[in-house]
Amino acid sequence: MIELHHLCKTFGNFVAVDDVSLSIPSGEFFGFLGPNGAGKTTTIKMMTGLFTPTSGSIVINGFDVAAQPQEAKATFGYIPDHPYLYDKLTGREFIYYMGGLYKMEKNNLKENVDRVIDLLELASWIDKKTEDYSQGMRQRVTFASAFVHQPKTIIIDEPMVGLDPRSARIVKDSLKKMAEDGASIFMSTHILEMAEELCDRIGIINKSKIIFLDSKENLHLHKTKYEGNLESVFLELTKESDEE
Amino acid sequence: MFWKVSFKQDLGTVIRTIGSFVVFGSFAVGAFYFSNFVTAYLLENVKIGLFLFHRFIGMLLFVFFVTINLGNMVVSFSTLYRTPEVQFLLTTPVSYLNIFVIKFLDNFFYSSGTLFMVGFSVLLGYGVYFELPWHFYLVMMFGVLVPFMFFAACVAVIVLLLLMKLASKINFRLLIAGIVLLYIGQVYLYFTVSSPVNLVREVMKYYPNVDMYFGSLDPMPLKILPNFWVSEIMYFYVTGNASAVVGYTVMLVMSTVGLFLFALAIADAYYYSTWIMSLSIKSLTMKTLQFKNRFFSFGSISSFSPHVEVLLKKEFWQFVREPIQWIHFIVMMGLLVIFLSSVSTLNIKLESTDLQAVVYLVVFIFNIFLINSLALRFAFPMVSLEGNAYWSMRSAPISATTVYWIKFFLVMTILGVLSIVIAFLSNIPYLFVHKITGDHPWIVEYIVPKYQVKILAYCSMIITPIVTVTLVSLNFGLGSVYANFIEKNPIRIASSQGATMTFLLSVVYLVLLLAVYYFPATMLFSADMKRQPINWSMLQIVVGVILIPSAFISVAAHIVGIRSLRRDF
């Protein structure tokens, strides 16, 4: 469960996120859309503790991220937009390292490392140093490291960067399965088809404010008003905001 | 618009800029006064004479030369062979030689800015003491200091290119080990051949006529070294021998130009081919790493908490798999061994109390400088080396404070143990005065001293670890404040503006330390001469006076360091 209450973030005079409030219940797959620079990554960075909000609060699985950061962070897994890893570690070592940061018990950790390596089909290259990986390989390792501690919530920023079609399919299936098992998933993406395929509910942020928030079912009603696809809805909504 | 952009700075940046300006300015002034004071002290109080004074300058310049040389070699390897920028430039219609020249000059000026400033301040202090004319500074800066440093950089890049060429034929690791041994060997050889103790003994036979030129005492091989030429230029400037100054200056400039042209010729022939070859070195190391249940393996059971365990293992593997890190560490350890083996057999039975105090304080401060260099090189970059992967730690259930302390205690333990070893070995002459037995000169008898000199050894052995904690705290804390998560090269991080600021602050602290320590050291040597019994309260006073500012600096560094780790990432 994710709750954002009147979340704001400013950098000097620039308002990056302005009064964003959202509630994502357990088991929901939430798609967070918006043009470049709208405030998606800033919102996600505040949720994951990388940025401190200027005002407002974030509660993840019952824990306030500002007041109980360790407890809140223990319940979610994060996949950043750029899959930076430690160059000198192997993929397997990185996943173990992440498991250690989540204080996983060693035997349980070993089982889960093997599980995510199988799940994401990493076995053939996981023991090479990550400095030799392609972008897609790095992205798959970050997925594995986010899944290893079996989190209740997954927060993803642009998940498909650099993934080949097979890897993308594996990732989509894994995320669907996790949502079906009761995890809440917060996913920022530019790929509208993916949002339409996977998400139960969609929010669109533009110029730091939420301008659209509705379920997939209601989205179809909006679509009929435009050209019958999500792209038209997205372009129209963000265009209207531009004209304001 | 220009003004808007230029001056649109936040308060923190403005304060940092003003702070940098104040620290750099103060350091320049401090270096001036220090150089002026040391020159006056050695020539007027200790009366070592012009010749010995300039020979000591020559020895310091040799250490300076080797430091620049090694620094440039390691940085050049990284920037000429490992950066994505070079990879990109090689795809553009820029000649290989131009790429080489651009990167080489970039390295040289990037890592030498502060050295130029310090060099000029020191020269000013020296020049003012001897009342030298304005052209001395001009000649020394542009005709001597810049060519001298450039000479060291050219040697570094030539050795690097030849090394890379050889790497295709010889095992790369074996080659690195050979070069490390060669450098350690040359430092050892230099100090063996130059034999400072013999030189002092020979010159002092002519006391009080020690300002004379004793060139016949200089071993022939040393005369072909650029540090010797620089010390000669300074000596002859002071004694007014213009033709010798011109001769040596021309020789230095011409050699540097010649060496640069030679470097260009070698680069033209080898740079591209060795760059291609460096890819195959990388591919050789691109192997599957065995995941065994060894002590440092992530899969092995550990008695540490999971946070401590994974952070220690991560640091370990990042260090041992990064050649820049372990090669530099081994080189520094080699130099340390040479230094300690020389110092632990030092003859401290000198006639003058002042000279005894100077020798003791020089050894003490050299120890501290060594530790400071290790702290700057290895503790300062530790936070920056998290790089962009720092997101993994920040988004995980581990507090920034825990991360900070685990990393700090790791580097502190290693440097702390080293500092104790250094303090003990360098104080052997004061703990056990050795005496060569008359009948059998090869038999050395160790006597535990009964007088004040023993206190000085204890002072050193207590103060060195205290100072180490302060210096590691300062370097680690400010390394966190000035963290640069983009730069991957630890040497560049350790020579960044933030690192320079930290170094200058450390030097200010060390000068204060020396000022506090000078009086009791001289007093204790004087008491030792008079065979007065041990005065233990002196130990308490010295340690107390040093403990308070050290504790204050350490705490302040940790507060700002931890706060910085919590910044937006």
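The structure displayed is predicted, hence computed values, not measured ones. Each chain gets a letter, A, B and so on, in the order the sequences are listed, and its residues count up from 1.
Atom-to-atom distance recorded for B:Ser395:OG and A:Lys45:NZ is 11.0 Å, nearest 0.5 angstrom. For the atom pair CG (B:Asn388) and CG (A:Leu85), the distance works out to 10.5 Å, reported to the nearest 0.5 Å. Atom OH of A:Tyr86 is separated from atom CE of B:Met393 by 3.5 Å, given to the nearest 0.5 angstrom. Taking NZ of A:Lys129 as the start and CH2 of B:Trp317 as the end, the distance is 10.5 Å to the nearest 0.5 Å.
The pair B:Lys488-A:Glu131 does not meet the salt-bridge criterion, since no charged nitrogen lies less than 4.0 angstrom from a carboxylate oxygen. Look at A:Asp87 and B:Arg321 and you find no salt bridge, because none of the NZ, NE, NH1 or NH2 atoms lies under 4.0 Å from a carboxylate O.
Atom NZ of A:Lys152 sits in a sparse spot, with 12 or fewer heavy atoms from other residues, nucleotides or ligands closer than 6.0 Å. Enclosure of atom CZ in B:Phe304 is not indicated, since only 12 or fewer non-hydrogen atoms of other residues, nucleotides or ligands lie within 6.0 angstrom.
Considering only heavy atoms from C-beta on, B:Trp391 comes within 4.5 Å of A:Leu50 through its side chain. You'll find the side chain of A:Lys103 stays beyond 4.5 Å of the side chain of B:Ile398, heavy atoms only. Inter-residue side-chain proximity for A:Phe94 and B:Ser392 is flagged as met; some heavy-atom pair is nearer than 4.5 Å. For the pair B:Phe298/A:Leu89, a side-chain contact is recorded, criterion being any heavy-atom separation below 4.5 Å from C-beta on.
The minimum heavy-atom distance between B:Pro306 and A:Gly100, with the atom names listed, is CB-O, 3.4 Å. Closest approach of B:Gly299 to A:Tyr96, counting heavy atoms only: CA-CE2, 3.9 Å.
A cation-pi arrangement, defined by a distance under 6.0 Å to the six-membered ring centre and an angle within 45 degrees of its axis, is absent between B:Lys313 and A:Tyr97.
With a threshold of 4.5 angstrom between heavy atoms, B:Phe319 does not approach chain A through any atom at all. Residue A:Phe11 touches chain B through its side chain alone, counting heavy-atom pairs closer than 4.5 Å. Proximity to chain A (any heavy atom under 4.5 Å) is shown, for B:Gln318, by both the backbone and the side chain.
Between the B:Asp568 side chain and the A:Thr52 main chain, a donor and an acceptor come within less than 3.5 Å of each other.
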Show me the side-chain donor-acceptor pairs of residues 70-78 of chain A shorter than 3.5 Å, one per line, residues at least two apart or across chains.
unit_1	atom_1	unit_2	atom_2	d
A:Lys73	NZ	B:Arg394	O	2.5
A:Thr75	OG1	A:Asn61	ND2	2.9
A:Thr75	OG1	A:Ala72	O	2.6

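Proximity to chain B among residues 108-117 of chain A is not found for any residue, judged by heavy-atom separations below 4.5 angstrom.
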